[in-house]
Amino acid sequence: MEYNHHDIESRWQKYWRDNHTYRAGIDTSRPKFYVLDMFPYPSGAGLHVGHPLGYIASDIYSRYKRLQGFNVLHPMGYDAYGLPAEQYAIQTGQHPEVTTRQNIDRYRSQLDKIGFCYDWEREVRTCDPGFYKWTQWAFIRMFESYYDNTLQKAMPVADLVSHFEKSGTEGVNAACSREMSFTADEWKAMDGKEKSDTLMNYRIAYLGNTMVNWCPKLGTVLANDEVSEGLSLRGGYPVEQKLMYQWCLRVSAYAQRLLDGLDTIDWTDSLKETQRNWIGRSEGAEMKFRIAGSDVELEIFTTRADTVFGVTFMVLAPESAYVQQITTPDQKAAVEAYLDNVKHKTERERMIDKQVSGVFTGAYAINPLTGKNIPVWVSDYVLAGYGTGAIMAVPAHDSRDYAFAKHFDLPVIPLIEGADVSEQSFDAKSGRMINSASGELDLNGMEVKDAIAATKRFIEEKGIGKVKVNFRLRDAIFSRQRYWGEPFPVYYKDGIPHMMDLDKLPLLLPEVDKFLPTETGEPPLGRAKNWQTPEGYPIELNTMPGFAGSSAYYLRYMDPHNEEALVSKEADGYWRNVDLYIGGTEHATGHLIYSRFWNKFLYDLGEVVEPEPFRKLINQGMIQGRSNFVYRIKDTNTFVSAGLRKDYDVTPIHVDVNIVSNDILDTDKFRAWRPEFNDAEFILEDGKYVCGYAVEKMSKSMFNVVNPDDIVDRYGADTLRLYEMFLGPLEQSKPWDTNGIDGVNRFLKRLWNLFYKGDTFLVDDSKASPEALKSVNKLIKKVTADIEAFSYNTSIAAFMICVNELTSLKCHSREVLEPLLVVLAPFAPHITEELWHALGNDTTICDAKWPEANEEYLKEDNARYAVSFNGKARFNIEVPADMPAKEVEAYALGHESAAKWLEGKTVRKVIVVPGKIVNIVVG
RNA sequence: GCUCGAAUGGUGGAAUGGUAGACACGAGGGACUUAAAAUCCCUUGGCCAUUACGGCUGUGCGGGUUCGAGUCCCGCUUCGAGCACCA
């Protein structure tokens, strides 16, 4: 029998399916282990060979854990809402649901061929009403909650209302959009609309007038993580800032907990660092500067309280409400003109245009420490959204303030000893303070760090300001002007938003005639007929963003068919959270923040037991494409081989990697590839046409896409799985290069040949040789350690070594081959299952027991030492393993090879490292 | 600009501070074969030798610690990733 992957793989895949081998259920007699992949968005292009990388890695770990006796939950599903399906629908009129279903079917068939151990009975799709019911449910719960800063958790808005009725805002410490202050009587006097607006200020899901990232080309708003450098991540279209009334989630309330939680989970440092960066905690002080001749007080935030003595002007963001309040009549025209100018710039233009610009308001503020008057300016280098939208400018010690001061010729006062500020500012937070004394506060001579602390103390005592922590993390904008997303379970009565009753969920996505905005500019849902409650109240026209459905999906897998709850107490209590999460690093500041926020919210409600959703997280690297090029001589149809191209004037042209093998072009296939190459001529080297190559993104336009189906068809799923893991470390990005896959394929054939020669089954029950036992025990030890460290590529090398050793030992003993199959099973499930049954086992290898390495066989009879002189190894010796160090030393010094090196020298020192090296220091 | 990570043969990549280059690809040579494919064996960092199981050199660059550094420390260079008027 030859190794026939087609037959083996289809047969065992059917067996696993028919026997529900991968069905998972609650089993309190076994410890649980939850392994999760970031579920894919099913795109129209199908899977390429890069997509399964993480899935294979998690599959190996799942199978390994199961063999170790864990009850493993390993589900899969689809993140089915998304822009591409909708864009496609706009172009073709095809309903996104139809294309999404087709794409999912395609994904499923591709995934099935690779032999994953998913429990497909737990599949979820974010666009299923049975799933998005719980997305809508969570939204309603957020609407009905506010964040109590004292308790540091979400609480019912109903509690807040009864507090307002009793004592107004007195004693309320809640996360809010702006500080409010009213009495119980004032609250009671409010009408319904006023009350609604007031509560919006506190709700975790709230409607707010906020600056949003508006993308005109996509016709929708985007969250901060969906925008990069002023362009939309999807499509790369320009994004502008626009004030809009939108649903938002008060993620910012959880900033500190999201930050603290990072210390409790096992993620890579770089990912944690990225999240810390995004959350952006900064400790500083908030300080008030009174405007001269006015009651207005400018509140500013600074991390450099020590530099107050160097404040020579102040700057407001153009959007700041202070601007209107303080601008003097004679400066009004100039300020208006400037604001108008700024408004017409997009975010991107503002970023690219680094030129200093600004205008004087005509007003002066009073420095609370020195009592001096300082001018107040407006400039777009100050951001409205951070801190208070106003800053105190210290040009000597802040480069942005410095550039502004130089441009407008404002004074610069150095505050740190030895700082030369004639050419640039001194931004470092170190040195001794100078020029910093007035009245009761004297910072001169202090280190910067101490000066900051002293100033903070002083301003708190004097009531000039207070210590304050600011976060960069903003609330998430939750409305999208799109069709293909979850509808909001919200209707409007007299202009006041109301939540639908929980028992009316899910609110189904309605049909529309076109997937475009209405003529009046309303979102696509504006086209839906009867989009209103039975009582005739209009329903919200926006839909939820992509991250809504992906924020709690890992919980739904625990209990996917439950109609009463997102997840039952029992299922949540058993599966708890994800033990191992594998996915791409691109979700670092999006999904992985929102999901943690969502989970913490549910935790506050008592709906889930774990405060963090993903205990350990691994980011698999990206698989890049490896493109091939042919070189056409200018103005001809003649192509010159890569090695000879320097002699000609050539244009490189991408060529389909599927008609190239080991960088050698199949010239006949090339002629047939495209009509314009039908009569191509070639200049060969050594009779071959050699292509050039480059590493690029895997994409259709580069003709470097490799489809896993083709690989599976040609080499089998087991070869694909092994090869993907063999390419290099899991977390590293690397190019896909089909050259080299033969190596792992040969390995599987050699494994097969240990069991079969022709039709003869070779395995017997004979006692294995010590060498064979040692080989396989070494393997078990290595693979166990490697899997725990996700170092799969070195495991595969170990398998190759072991199989080669067993082959040359002609070992066909069951005693050795059976454990070899078990440890290989996670990597190559099909061939191991086949051979496992050939050995006479009648249950699946998935339920075998992971073997333990027997140290007895690993003992070395001899220890091998490298003998070195002054650190450079010169020869090797072998001695009995248990020889004491002193004797090893004597033996090495007495060795004939040593004589040569010791000639005319004296031994100064000898160091013996057990089993490794004898280092002889000579002088 | 700030933060994090990386740099090892023709290629992908191995190396708890202890014989650098495991394993694999590619390349070269050989066996089997009418031939090819497949399979198997040998060689393969560079340089110098090839009478010797020989010598020298070698992990981006410059220093340091150490008996001993790819690995640890300091200073650079280059590449990649994240954040970026965040006060």
Side-chain angles (χ1 to χ4, degrees), chain A residues 2 228-229 268-278 280-282 284-285 300-304 307 314-315 317 350-351 354 356 379-383 385-394 397-401 403-404 427 470-474 585-586 588-589 619 621-622 626 662-664 693 722-723 726-729 731-747 749-750 753 785 791 793-801 804 807 864-876 908-923:
Chain A
E2 289 296 303
S228 177
E229 300 191 352
T268 60
D269 289 341
S270 79
L271 186 55
K272 286 186 184 181
E273 201 55 36
T274 302
Q275 289 217 340
R276 286 193 189 106
N277 230 318
W278 189 259
R281 182 181 204 270
S282 85
I300 59 95
F301 175 77
T302 179
T303 54
R304 291 295 300 273
T307 59
M314 303 190 70
V315 189
R350 240 165 105 161
M351 278 167 52
K354 297 250 178 187
V356 176
S379 173
D380 64 359
Y381 85 86
V382 174
L383 302 177
Y386 185 76
T388 59
I391 60 150
M392 62 176 211
V394 186
H397 303 290
D398 183 289
S399 51
R400 295 154 302 180
D401 298 344
F404 195 84
D427 290 16
N470 249 325
F471 293 96
R472 212 176 62 92
L473 184 70
R474 312 288 169 79
T585 174
E586 67 272 18
T589 54
N619 288 123
M622 286 249 288
R626 187 179 186 279
N662 288 335
D663 291 337
I664 309 296
Y693 73 88
L722 284 168
Y723 187 56
F726 188 62
L727 275 176
E731 305 193 58
Q732 193 172 305
S733 286
K734 56 238 161 187
W736 175 270
D737 184 357
T738 306
N739 306 334
I741 198 167
D742 291 321
V744 289
N745 193 239
R746 274 177 211 139
F747 156 73
K749 287 182 190 160
R750 277 197 282 259
N753 292 338
S791 177
N793 55 331
T794 52
S795 291
I796 292 163
F799 282 119
M800 290 175 173
I801 293 168
N804 283 346
T807 303
R864 196 148 179 261
Y865 285 84
V867 181
S868 89
F869 293 87
N870 290 1
K872 198 74 202 169
R874 300 298 178 177
F875 65 94
N876 301 314
R908 286 218 295 233
K909 198 166 161 191
V910 181
I911 298 153
V912 179
V913 179
K916 299 231 161 128
I917 198 156
V918 182
N919 200 303
I920 301 167
V921 186
V922 294

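Everything numeric in this text was worked out from a predicted model, so none of it was measured. Numbers restart at 1 for each chain; the letters A, B, ... are given by sequence-line order, proteins then strands.
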What nucleic acid atoms does [X] come within less than 4.0 Å of, heavy atoms only: base, sugar-phosphate, or nothing?
X        : result
A:Leu727 : sugar-phosphate
A:Arg276 : nothing
A:Ile911 : base
A:Pro735 : nothing

Can you see if the side chain of [X] gets near the phosphate of [N] - specifically, an N or O under 4.0 Å from OP1 or OP2?
X        : N     : result
A:Arg750 : B:C40 : yes
A:Thr589 : B:G82 : no
A:Asn793 : B:A14 : yes

Provide, to the nearest angstrom, the distance between the [atom1] atom belonging to [X] and the [atom2] atom belonging to [N].
X        : N     : atom1 : atom2 : result
A:Asn804 : B:A24 : CG    : C1'   : 11 Å
A:Leu722 : B:C23 : CG    : C1'   : 13 Å
A:Gln732 : B:G80 : CD    : P     : 15 Å

Per the atom types in the model, does the base of B:C67 pair as donor or acceptor with the side chain of A:Asn919 at under 3.5 Å?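 Per atom types, the contact qualifies.
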Evaluate the criterion salt bridge (Lys or Arg N to Asp or Glu O under 4.0 Å) for residue pair A:Asp663 and A:Arg626; output intermediate values, then yes/no. CA-CA 10 Å; A:Asp663 291 337; A:Arg626 187 179 186 279; 2.9 Å; yes
Side chains of A:Tyr723 and A:Asn745: donor-acceptor distance under 3.5 Å anywhere?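 There is no such pair (donor and acceptor under 3.5 Å, judged by atom type) between the side chains of A:Tyr723 and A:Asn745.
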Pick the closest RNA chain B nucleotide for A:Gly740 and for A:Tyr386 by heavy atoms, then say which residue is nearer the 5' end.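 Result of the comparison: A:Gly740.
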Using heavy-atom distances to pick each residue's nearest nucleotide on RNA chain B, tell me which of A:Asn753 and A:Phe301 is more 5'.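 The residue mapped nearer the 5' terminus is A:Asn753.
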